[in-house]
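For reference, the structure is listed below as structure tokens.
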Amino acid sequence: MDELPQIRAAARAAAQDPDLISRRFDLARQTAAVFQSVGEEFLVAGSLIGGDRVTGTSQWGNGSDETVAVALLFLVGADLVAGCSSLFAERRHYAGAALIRQLVEVEYLAWAFETRDRDGERWLRSTREERDEFFRPVRLREAAAGRFKGRDYGYHCELGGHPVPRAEILFRANACDTAQLLLSDALGHAGRIWDHLRTWAKEHRHLPSVEAHGPEMGARYRALWADDPLVHLPPPP
């Protein structure tokens with residue numbers, strides 16, 4: 001039995017559900033606000049606290065270049081989540097879709113900062129050539145050994161990363177349904193960024209700061225994932 005029509009019908013219903021739409025936008029707004037608050041606090045902490053200034057290893061005189069790097073990921077993530085959510089709300093679907101590819105790249109870096117020793121400071125201190133060699137998306141996917149799918153990244157490149165014909169679906173009459181699928185996907189990436197950087201914060205004794213700004217973040221994500229069928233859909237072929 002072909003289940004594709006049933007899957008499409010369920011996805012359409014979820015994309016048009018007023019309660020789920022409201023919850024997706026609310027969570028995007030909360031995520032952006034929390035990322036912004038944590039990022040600002042980490043930026044101050046990284047500037048002042050740590051041994052990099054004493055050892056002279058930070059060219060900017062930071063206390064901890066790694067903490068500053070994590071702060072930048074939070075701040076960039078805040079702008080991207082807020083930006084794509086606002087653009088979808090304004091029905092600027094193509095522009096919103098274009099930001100999600102960058103959010104995927106933030107997730108790659110968040111994974112690297114969490115799992116690879118001192119990658120945060122290495123990234124902050126890197127030259128353009130070093131970033132091309134070690135921090136390009138394809139390099140990070142290879143290093144993650146299957147955790148990240150090139151297909152997912154390619155989907156965002158095709159839909160919003162480059163001006164290609166496939167973007168036509170974002171200008172159709174039912175483009176708001178597609179935008180809800182994209183917003184759900186953006187929240188998925190944002191939730192994983194939160195998990196990676198929260199783990200980094202725990203390992204570097206910054207967890208109280210993270211928990212103070214977003215004590216309910218994990219619970220809200222889990223609640224939406226339990227109710228939202230769009231979360232479990234793969235990228236279109």
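By convention here, the first residue in the shown sequence is residue 1.
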Would you call [X] and [Y] a side-chain contact if the rule is heavy atoms closer than 4.5 Å?
X: Leu181; Y: Asp185; result: no
X: Leu73; Y: His196; result: no
X: Phe134; Y: Trp123; result: no
X: Ile193; Y: Leu103; result: yes
X: Leu75; Y: Gln36; result: yes
X: Thr67; Y: Ile49; result: no
X: Leu170; Y: Leu182; result: yes
X: Leu224; Y: Leu20; result: yes

How many angstroms lie between atom [atom1] of [X] and atom [atom2] of [Y], to the nearest 0.5 angstrom?
X: Asn174; Y: Ile169; atom1: CG; atom2: CD1; value: 8.5 Å
X: Phe25; Y: Leu187; atom1: CZ; atom2: CG; value: 9.5 Å
X: Glu121; Y: Ser64; atom1: CD; atom2: OG; value: 7.0 Å
X: Glu114; Y: Leu109; atom1: CD; atom2: CG; value: 13.0 Å
X: Leu197; Y: His204; atom1: CG; atom2: NE2; value: 11.5 Å

Just grab all the salt bridge (Lys or Arg N to Asp or Glu O under 4.0 Å) pairs involving residues 58-73, residues at least two apart or on different chains. Asp65-Arg125

Residues at least two apart in sequence or cross-chain that pass salt bridge (Lys or Arg N to Asp or Glu O under 4.0 Å) with Arg139, listed by chain then number, are Glu142

Residue list, salt bridge (Lys or Arg N to Asp or Glu O under 4.0 Å) with Arg29, at least two apart or on another chain: Asp26

For [X] versus [Y], what's the shortest heavy-atom pair and its separation?
X: Ala71; Y: Gly39; answer: CB-O, 3.4 Å
X: Ser209; Y: Glu41; answer: OG-OE2, 2.7 Å
X: Val210; Y: Ala201; answer: CG2-CB, 3.6 Å
X: Pro215; Y: Ala212; answer: CD-O, 3.7 Å
X: Ala190; Y: Thr31; answer: CB-CG2, 4.0 Å
X: Arg24; Y: Ala14; answer: NH2-O, 2.9 Å

With distance as the sole test, does [X] use its side chain to make a donor-acceptor pair with the main-chain N or O of [Y] at under 3.5 Å?
X: Arg53; Y: Ser47; value: yes
X: Ser184; Y: Gln180; value: no
X: Ser85; Y: Val81; value: no

For the pair Trp194 and Phe35, name the ring-plane relationship: parallel under 30°, tilted 30 to 60°, perpendicular over 60°. parallel

Do the ring planes of Tyr221 and Trp225 sit parallel (below 30°), tilted (30 to 60°) or perpendicular (above 60°)? perpendicular

With a 4.5 Å cut-off on side-chain heavy-atom distances among I, L, V, M, F, W and Y, is there a chain of contacts connecting Val44 to Leu124? no

Worked verdict on Phe113 versus Thr199 for side chain to side chain contact (heavy atoms under 4.5 Å, CB included): CA-CA 10 Å; Phe113 290 9; Thr199 300; over 6 Å; no

Let me see the working for Leu140 and Phe148 under side chain to side chain contact (heavy atoms under 4.5 Å, CB included), right down to the final yes or no. CA-CA 9 Å; Leu140 292 175; Phe148 303 116; 5.7 Å; no

Residues Arg122, Asp119: salt bridge by 4.0 Å N-O rule: yes

Is any side-chain N of the basic residue among Asp227 and Arg23 closer than 4.0 Å to the acidic one's carboxylate O? yes

What do you reckon, is [atom1] of [X] surrounded by more than 12 foreign heavy atoms closer than 6.0 Å?
X: Arg198; atom1: CZ; value: no
X: Arg131; atom1: CZ; value: yes
X: Arg220; atom1: CZ; value: yes

Testing Gln102, Glu107, Glu105 one by one against His189 for a side chain to side chain donor-acceptor pair (under 3.5 Å), which residue passes? Glu107

Check the pair Val106, Leu80 against side chain to side chain contact (heavy atoms under 4.5 Å, CB included), reporting the backbone distance first and the verdict last. CA-CA 10 Å; Val106 173; Leu80 292 173; 4.0 Å; yes

Could you walk me through whether His206 and Val70 pass side chain to side chain contact (heavy atoms under 4.5 Å, CB included), step by step? CA-CA 11 Å; His206 287 293; Val70 172; over 6 Å; no

